[in-house]
Amino acid sequence: MNSVDTTVNPATPPHALRSQGLLRNVTDACTNFVCQLGDLTLFTVQILKWFFRHKMRPGTLVNACFQIGVLSLPVIALTGLFIGMVLAVQSHFQFSQIGMANHMGAVINMTLVRELGPVLAATMLAGRVGSAMAAELGTMRVTEQIDALESMGINPIHHLVVPRVVAALLLIPTLTIMADFMGIFGGFAYSYLALDVDPHLYFQHSRDFVGGWDLLTGLIKSLFFGCTIAIVSCYHGFHCQVGAKGVGRAATAAFVISFVLILGIDLLLGMGLDRLFLPMQSGGNALL
Amino acid sequence: MSSQPPLQSSPSQQSNSPFVCPLVEVRQLGVSFDNRVVLQGITLEVRRGETLAIIGESGCGKTVLLKSLIGLIQGQAGTVHFDGVDLCQTTSAELAHLRSRTGFVFQGAALFDSLTVAENIGFPIRQSNSQITSDTVLCDEDIMSLVTESLREVGLADNVCQRYPMEISGGMRKRVAIARANILKPDLMLYDEPTAGLDPIASDVINELIMRSRLQHTVTSIIVTHDMKTARKVADRVIMVHPVDRLTGDDAQIIFDGPPSVLDRHADQRITQFIHGEAGQRVIELSDG
């Protein structure tokens, strides 16, 4: 880690000392980042190895599915509902000024299934499930429960991490569908009941613009998001520093890094999937 | 509390043939964390059936040594052999198998919070898929009866079975941890400060349980402790580990290795200071620091 010489020459002027300090900090941060990236990669390789080589215990998977899926359902549904309604409020304000209030269904539903549904579901899960995973595994690390597993000849990655990653991978797309559905319902309900938008035209325009590929785009994204949340959160919990502060830091890092990665992956997948979609559309693919 | 009478003396029944290899053999073990050397040149043999106490002041590396013995911490130098197998050279599957032959009682008990007492004790059986009886998968009833028997061995009533670790006292948690570690009748039992944080009576109960587990089946025990009463009562042999940063010259890190009865007669000031709990010059060292 200490790649920069830390010895100080008394004759060195103060501004040079500050530059040296800044250089050392930047070098340390870069080294730390590369080390963590390497650790995370090795951790992911271990997860894949244990996933493919050893059968998972059904009990651990069911428990993880319950924690990630069932307990997250109300918060995801509520978030989706409100986002749909907020989109309706904002869209109506803009669209009514140009006399196109009946077209707002297309915008609301397209935004929901392609972007906001997957991203908000993933963000909520990073906050609710990711932080909980990191805190739980971190506490297990600090209280030597992970050491206890190892001392019994049980691989903790196989026992603790693989079921969580698989559960996240399976259930986050399902939760995304739930968020999409509730958002579409919320947007429509508010538009129809409060804004007096024609329901037939609302869904007619939606059908014209929103297709199966848009829904698939959102679901593909959600798979990546789920995987990212589970791996990043388990990694931070697993490598938690000692003490309550360490557990708190692990939970915070799990959320913040997951969130940043969700946005980054969303951008990359948005670009990549559009490039994939356009040639398919021009080639007459019947996905729409 | 168990109804069995307390044992009065440290048993040393196992005859140790010179032709049988030691169960644990450590050669020139060195462990460091972030350039801080914790263990240096540790060489140690633990014979089968022996009860060894590792004593030494806080931070000297006793727990690190204990965890190194089953590969929970990897050393940067030296070798650790368990039953003739070099832990550094073995595969992860072999290492897991070797670990399943050990029981580890952690300092804070390390019971799984999300499981009940019964589930905690039965956990190793469920995971190892019946190493207790020859290649037979145990059904839930069999596991439960073994759990109940283990609970009774450590002097706990059946009604704690459905309680969670957070709902029982520290002493009871330690007993549950001993029951969990002992349920597979391991060849090697490792205790990390088993009496730390307990009152004198609870401490003595733990000492009795450690001694009793030796009577119930042939087991080699290694106990890390600060408690001289525990060391004197349960151990056949005591080693004292000194912190690396306090060593002078070419001193070995293990500054005492012998039976507990010799401890009091030893001339080394570092040993007498520790066993009598005298601060000596250390107060001045603290104020300097």
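In the text below, chain A, chain B and the rest are named by the order of the sequence lines, each starting its count at 1.
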Taking side chain as everything from C-beta outward and backbone as N, CA, C, O, which of these in L111(B) sits under 4.5 Å from a heavy atom of chain A? Side chain, backbone, both or neither.
backbone
With a 4.5 angstrom heavy-atom cut-off, could you sort out which part of T143(A) is near chain B: side chain, backbone, both or neither?
backbone
When you look at CZ of F238(A), are more than 12 heavy atoms from neighbouring residues, nucleotides or ligands closer to it than 6.0 Å?
yes
Looking only at the aromatic ring of each residue, does the gap between the centers of H159(A) and F123(B) stay below 6.0 angstrom?
yes
Interatomic spacing from CZ in R99(B) to CG in L149(A) - rounded to 0.5 Å:
11.0 Å
With a 6.0 Å cut-off (strictly less than), is the heavy-atom count around CD of E167(B), excluding the residue itself, greater than 12?
yes
Please indicate whether F33(B) has more than 12 foreign heavy atoms, meaning atoms of other residues, nucleotides or ligands, lying under 6.0 Å from its CZ.
yes
Under 4.5 Å between any side-chain heavy atoms of F112(B) and M140(A), yes or no?
yes
Separation between OG1 of T63(B) and CD of E144(A), rounded to the nearest 0.5 Å:
7.5 Å
Here the gap from K49(A) atom NZ to S92(B) atom OG, rounded to the nearest 0.5 Å, amounts to 4.5 Å
Check the surroundings of atom CZ in F82(A): do more than 12 heavy atoms from other residues, nucleotides or ligands lie under 6.0 Å from it?
no
Let me know if D34(B) has heavy atoms under 4.5 Å from chain A in its side chain, its backbone, both or neither.
neither
Check A148(A) against F106(B) and note the closest heavy-atom contact, atom names and distance.
CA-CE1, 3.4 Å
Output the distance between atom CD1 (I73(B)) and atom CG (D147(A)), rounded to the nearest 0.5 Å.
7.5 Å
Would you say R249(A) has more than 12 foreign heavy atoms packed within less than 6.0 Å of its CZ?
no
For each of E150(A), Q145(A), E136(A), tally heavy-atom pairs with chain B at distances under 4.5 Å, and name the one with the top tally.
Q145(A)
